[in-house]
Student: 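Got a structure here, written out as structure tokens. Questions coming.
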Protein chains: 2
Amino acid sequence: MKIERDLKNLPHKTIERLSQYRRALLICHEQGQTHIYSHEIAKIQHITAVQVRRDLMLIGYSGTLRKGYNVKDLIDLIGEIIDSKRGINVAIIGIGNLGRALINYFVGKRSHLEIVASFDINPDKIGNIMSGVPCYSIDELADKIHELHIEVAIMTVPADFATQTADALVAAGIKGILNYTPKPVNVPETIYLEEYDMITSLEKVAFYVKIQDLN
Amino acid sequence: MKIERDLKNLPHKTIERLSQYRRALLICHEQGQTHIYSHEIAKIQHITAVQVRRDLMLIGYSGTLRKGYNVKDLIDLIGEIIDSKRGINVAIIGIGNLGRALINYFVGKRSHLEIVASFDINPDKIGNIMSGVPCYSIDELADKIHELHIEVAIMTVPADFATQTADALVAAGIKGILNYTPKPVNVPETIYLEEYDMITSLEKVAFYVKIQDLN
DNA sequence: ATAACAATGTGAAATAAATAACAATTTATT
DNA sequence: AATAAATTGTTATTTATTTCACATTGTTAT
Ligand SMILES: NC(=O)c1ccc[n+]([C@@H]2O[C@H](COP(=O)([O-])OP(=O)(O)OC[C@H]3O[C@@H](n4cnc5c(N)ncnc54)[C@H](O)[C@@H]3O)[C@@H](O)[C@H]2O)c1
Ligand SMILES: NC(=O)c1ccc[n+]([C@@H]2O[C@H](COP(=O)([O-])OP(=O)(O)OC[C@H]3O[C@@H](n4cnc5c(N)ncnc54)[C@H](O)[C@@H]3O)[C@@H](O)[C@H]2O)c1
């Protein structure tokens with residue numbers, strides 16, 4: 001009860017950083033490091049040590065004075081906060097260049113997030129298995145989403161198909177969508193939607209490069 | 001003088017949205033639409049109409065009461081704000097799956113941002129031309145950055161090479177970096193750095209899906 | 001002409017996020 | 001044992017961003 005309320009009140013930015021802290025911590029852990037200071041985490045993520053401590057405070061983690069944080073414990077706690085106990089199954093819709101890059105990148109990275117299926121409209125791709133992930137026909141979308149308990153979808157279809165794909169996902173009962181097409185899609189409020197477009201990021205970089213020159 | 005100061009004071013979020021407004025507006029323009037209301041833009045981007053009006057206020061654009069905003073004028077004004085008059089040349093470092101997806105996606109999209117080169121370490125890729133973009137050896141990085149006036153780089157090399165690649169880019173005089181590897185890199189303050197990692201986004205979606213169920 | 005409406009533009013308020021400041025405490029040093 | 005140094009934890013403050021509230025003003029209908 002208390003935990004649920006806390007989770008909902010965590011700032012969105014904190015959630016993002018927790019994910020990033022964990023990745024950095026996993027690397028430290030692999031290398032045998034047992035403790036880490038807030039300023040060391042901060043350095044890796046180019047943020048301030050206060051920010052790190054504040055985030056950890058929000059999730060109720062206490063370090064040891066003068067020794068810092070226990071790497072293993074912190075990894076586990078972040079997992080308890082952001083991971084789902086049951087694990088979450090993920091599908092990628094559209095196995096083009098971007099979809100392929102994602103599958104390669106994700107597979108085996110996170111035990112609690114598993115890419116269990118991909119979907120495409122191109123008969124040449126349907127039936128293939130890529131990095132262990134089978135590709136199904138988009139016509140089987142609803143069936144497979146139920147059958148494989150897929151809760152999250154990553155959209156990497158051409159922009160012109162974004163709307164219809166999102167509608168199909170919603171109709172099939174998806175709970176979260178990560179949309180990488182440049183076309184914003186509309187979904188009911190009950191479905192968590194995250195959109196990202198690389199052109200926006202690139203134009204932003206270009207903008208700040210431009211205004212630096214105006215100095 | 002006045003304009004320079006204004007540009008620097010624009011909120012980062014506004015810059016991102018301007019880029020997105022423009023993309024939506026370009027589509028409207030192609031379809032022959034001459035005017036658009038703030039609430040129509042808002043609907044496309046799933047934000048509020050006030051947010052749109054506030055952003056446009058910040059860049060000093062005035063619409064017509066009851067007619068809304070002139071699509072063409074607004075496209076041009078956004079261009080004046082976020083684009084660089086001289087155009088900006090961009091390079092992609094690492095032509096794997098993600099690099100390829102990016103080249104395909106970007107080429108021909110924005111006239112003021114041109115991908116003029118790519119770099120790789122794999123001899124099989126060096127010398128190829130993909131979507132009109134030549135691939136050079138990473139050894140030529142510094143030379144080509146100067147020769148081709150490349151100001152912005154997109155990093156899509158394996159994570160283990162992120163640090164050395166960033167260092168090489170900085171040494172070569174790059175002005176902005178968009179880092180898509182999951183490894184945060186350190187650059188001098190004078191260089192604008194934007195980092196994005198898909199696992200963070202996916203974990204965020206999974207988190208909000210998870211806590212929805214706790215309701 | 002006038003009233004009703006529908007839109008923009010913007011100061012003020014609210015919310016979200018980051019930073020500063022510093023107390024508390026452990027460890028190391030003298 | 002006392003002092004200095006380093007680090008965490010947290011409240012208060014500041015900054016950034018969004019939303020509210022509403023004045024203003026063309027447009028349409030009567
Ligand atoms: N948002 C970003 O940052 C970013 C970056 C690069 C590319 N993209 C976008 O990602 C998407 C994919 O890019 P890409 O380079 O991989 O394109 P691509 O053409 O290589 O791949 C698209 C894939 O989707 C499949 N497809 C087409 N229609 C489909 C449908 N109705 N249902 C299921 N699958 C379908 C195609 O067969 C193909 O395999 C595009 O929308 C592109 O604009 C986005
Ligand atoms: N951040 C994200 O959201 C995201 C998503 C997917 C992939 N990735 C990352 O993007 C990067 C590329 O992913 P990918 O799937 O395209 O990998 P990939 O292995 O397909 O491509 C990497 C390319 O970089 C080249 N390369 C290797 N070392 C190099 C060097 N020193 N200099 C120049 N080029 C070099 C390789 O020859 C290869 O062509 C990886 O770091 C991956 O983790 C990031």
Side-chain angles (χ1 to χ4, degrees), chain A residues 5-21 25 28 33-71 73-74 77-78 81 189 194 200 204 207-208 211, chain B residues 5-21 25 28 33-71 73-74 77-78 189 194-195 200 204 207-208 211:
Chain A
R5 157 136 271 114
D6 285 344
L7 290 186
K8 283 196 211 308
N9 289 337
L10 288 173
H12 282 226
K13 291 294 183 77
T14 294
I15 299 300
E16 292 176 8
R17 282 189 299 263
L18 289 173
S19 163
Q20 287 161 1
Y21 297 162
L25 290 167
C28 297
Q33 188 177 349
T34 61
H35 288 79
I36 192 165
Y37 297 124
S38 59
H39 66 258
E40 293 177 307
I41 299 178
K43 183 86 183 294
I44 299 172
Q45 306 296 145
H46 357 283
I47 57 177
T48 65
V50 187
Q51 178 87 80
V52 173
R53 294 204 298 274
R54 148 119 355 206
D55 286 334
L56 300 189
M57 186 191 93
L58 291 173
I59 62 170
Y61 186 69
S62 283
T64 309
L65 246 161
R66 294 291 302 234
K67 265 201 203 162
Y69 303 96
N70 182 295
V71 172
D73 289 354
L74 189 45
L77 178 60
I78 293 177
I81 303 286
E189 275 190 6
E194 177 96 6
T200 297
K204 191 177 173 192
F207 172 79
Y208 285 103
I211 66 170
Chain B
R5 157 135 272 114
D6 285 344
L7 290 187
K8 284 196 211 306
N9 290 335
L10 287 174
H12 282 226
K13 290 295 184 73
T14 295
I15 299 301
E16 292 175 9
R17 283 190 298 264
L18 288 174
S19 164
Q20 287 161 2
Y21 297 162
L25 291 167
C28 296
Q33 188 177 352
T34 61
H35 288 79
I36 192 165
Y37 298 125
S38 59
H39 65 258
E40 293 177 305
I41 299 177
K43 182 86 183 295
I44 299 172
Q45 306 296 143
H46 358 282
I47 57 177
T48 66
V50 187
Q51 179 86 81
V52 173
R53 293 203 299 274
R54 158 94 34 195
D55 286 334
L56 300 189
M57 186 190 93
L58 291 173
I59 62 171
Y61 186 70
S62 284
T64 310
L65 246 161
R66 293 291 300 235
K67 264 201 204 163
Y69 303 96
N70 181 295
V71 172
D73 288 355
L74 189 45
L77 178 60
I78 293 176
E189 275 191 5
E194 177 96 7
E195 305 196 307
T200 298
K204 192 177 172 191
F207 172 79
Y208 285 104
I211 66 171

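Throughout, protein chains are lettered first and strands after them, A, B, ... in sequence-line order, and every chain is numbered starting at 1. Worth knowing before you read on, the calculation uses all heavy atoms, side chains too, and leaves out hydrogens, waters and symmetry mates.
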Student: Is any side-chain N or O of Tyr69(A) closer than 4.0 Å to OP1 or OP2 of dG9(D)?
Tutor: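 True: Tyr69(A) side-chain N/O within range (under 4.0 Å) of dG9(D) OP1/OP2.
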Student: May I have the distance from Gln51(B) (atom CD) to dG9(C) (atom P), rounded to whole angstrom?
Tutor: 15 Å
Student: With a non-hydrogen cut-off below 4.0 angstrom, is Thr14(B) in contact with a base, only sugar-phosphate, or nothing?
Tutor: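 No contact at all - Thr14(B) keeps every heavy atom at 4.0 Å or more from the nucleic acid.
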Student: Roughly, in whole Å, what's the span from CD1 in Ile36(A) to P in dT7(D)?
Tutor: 13 Å
Student: As a test of understanding, state which of Ile44(A), Ile41(A), Ile36(A) forms a side chain to side chain contact (heavy atoms under 4.5 Å, CB included) with Val52(A).
Tutor: Ile41(A)
Student: Out of curiosity, Cys28(B) SG to Tyr21(B) OH, how far, rounded to the nearest 0.5 Å?
Tutor: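 Spacing of SG (Cys28(B)) from OH (Tyr21(B)) equals 13.5 Å.
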Student: Report the base-pairing partner of dA21(D) (Watson-Crick or G-U wobble, both distances below 3.5 angstrom), or none.
Tutor: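 For dA21(D), the partner nucleotide comes out as dT10(C), under the 3.5 Å rule.
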Student: Distance check needed: dA18(C) C1' versus His12(A) NE2, whole Å only.
Tutor: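 For the pair His12(A) NE2 and dA18(C) C1', the rounded distance is 17 Å.
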Student: Is the side chain of Gln33(B) donor-acceptor paired with the backbone N or O of His35(B) at a distance under 3.5 Å, no angle test?
Tutor: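 Judged by distance alone, yes, a pair lies under 3.5 Å.
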Student: Quick one: does any side-chain atom of Tyr37(A) pair with a main-chain N or O of Ala49(A) as donor and acceptor, under 3.5 Å?
Tutor: no
Student: Do any side-chain nitrogens or oxygens of Arg54(A) fall under 4.0 Å of OP1 or OP2 in dA12(D)?
Tutor: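 The answer is no; no side-chain N or O of Arg54(A) sits under 4.0 Å from OP1 or OP2.
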Student: To the nearest Å, how far apart are Leu65(B) CG and dG9(C) C1'?
Tutor: 9 Å
Student: Nearest-Å distance, NZ (Lys67(A)) to C1' (dA5(D))?
Tutor: 18 Å
Student: Want to settle it: does Met57(B) or Val50(A) sit nearer the 5' end of DNA chain C, counting the closest nucleotide to each?
Tutor: Met57(B)
Student: In Watson-Crick or G-U wobble terms, both distances under 3.5 Å, what is the partner of dA12(D)?
Tutor: dT19(C)
Student: Tell me: NE2 of His39(A) to C1' of dG9(D), nearest whole Å?
Tutor: 16 Å
Student: CD1 of Ile47(B) versus C1' of dT17(D): gap in Å, rounded?
Tutor: 12 Å
Student: Taking for each residue the nucleotide of DNA chain D bearing the nearest heavy atom, is the 5' side occupied by Arg53(A) or by Arg66(A)?
Tutor: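 The residue closer to the strand's 5' end, by nearest nucleotide, is Arg66(A).
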Student: Does a side-chain N or O from Ser62(B) land closer than 4.0 Å to OP1 or OP2 of dG9(C), or not?
Tutor: yes
Student: Would one find a side-chain N or O of Arg17(A) under 4.0 angstrom from OP1 or OP2 of dA18(C)?
Tutor: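 True: Arg17(A) side-chain N/O within range (under 4.0 Å) of dA18(C) OP1/OP2.
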Student: Roughly how far, to the nearest 0.5 Å, is OH of Tyr61(A) from CG of Asp73(A)?
Tutor: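 Reported to 0.5 Å precision, the distance equals 4.5 Å.
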Student: Please report the distance, rounded to the nearest Å, between CG in Asp55(A) and C1' in dT8(D).
Tutor: 14 Å
